[in-house]
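In what follows, a single structure is set out as structure tokens and then discussed.
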Amino acid sequence: MKTGKTAWIDEENKIVSFQAIDSGKMITKAERLFWDFLLGLMDAGYRIM
């Protein structure tokens, strides 16, 4: 069984969290897409928390 990876994205403060945050929107992607997605956010100035 394939599982997705989940992160919470706070677009206003440019934060990505691996734990739920009140101001965040939950994003789930297949693992093969997840890490490229996160790298793209980091390139756009997001901080990983």
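- The line from OH of Tyr46 to CG of Asn13 is 9.5 Å long, rounded to the nearest 0.5 Å.
- Between Arg32 and Asp36, the shortest heavy-atom contact is O-OD2, 4.2 Å.
- The hydrophobic cluster containing Ile27 does not contain Ile15, counting ILVMFWY residues as joined when their side-chain heavy atoms lie under 4.5 angstrom apart, directly or transitively.
- Remark: side-chain polar atoms of Lys14 are paired, donor with acceptor, to backbone N or O of Ala44 under 3.5 angstrom.
- With rounding to the nearest 0.5 Å, the separation of CZ in Phe34 from CG in Leu39 is 10.0 Å.
- At least one side-chain heavy atom of Leu41 sits less than 4.5 Å from a side-chain heavy atom of Leu38.
- When the side chains of ILVMFWY residues are joined at heavy-atom separations under 4.5 Å, either directly or via intervening members, Val16 and Met49 end up in two distinct hydrophobic clusters.
- A 4.5 Å side-chain heavy-atom check between Phe18 and Ile48 finds at least one atom pair inside the cut-off.
- When all heavy atoms of Trp8 and Met26 are compared, the closest pair comes out as NE1-CB, 3.5 Å.
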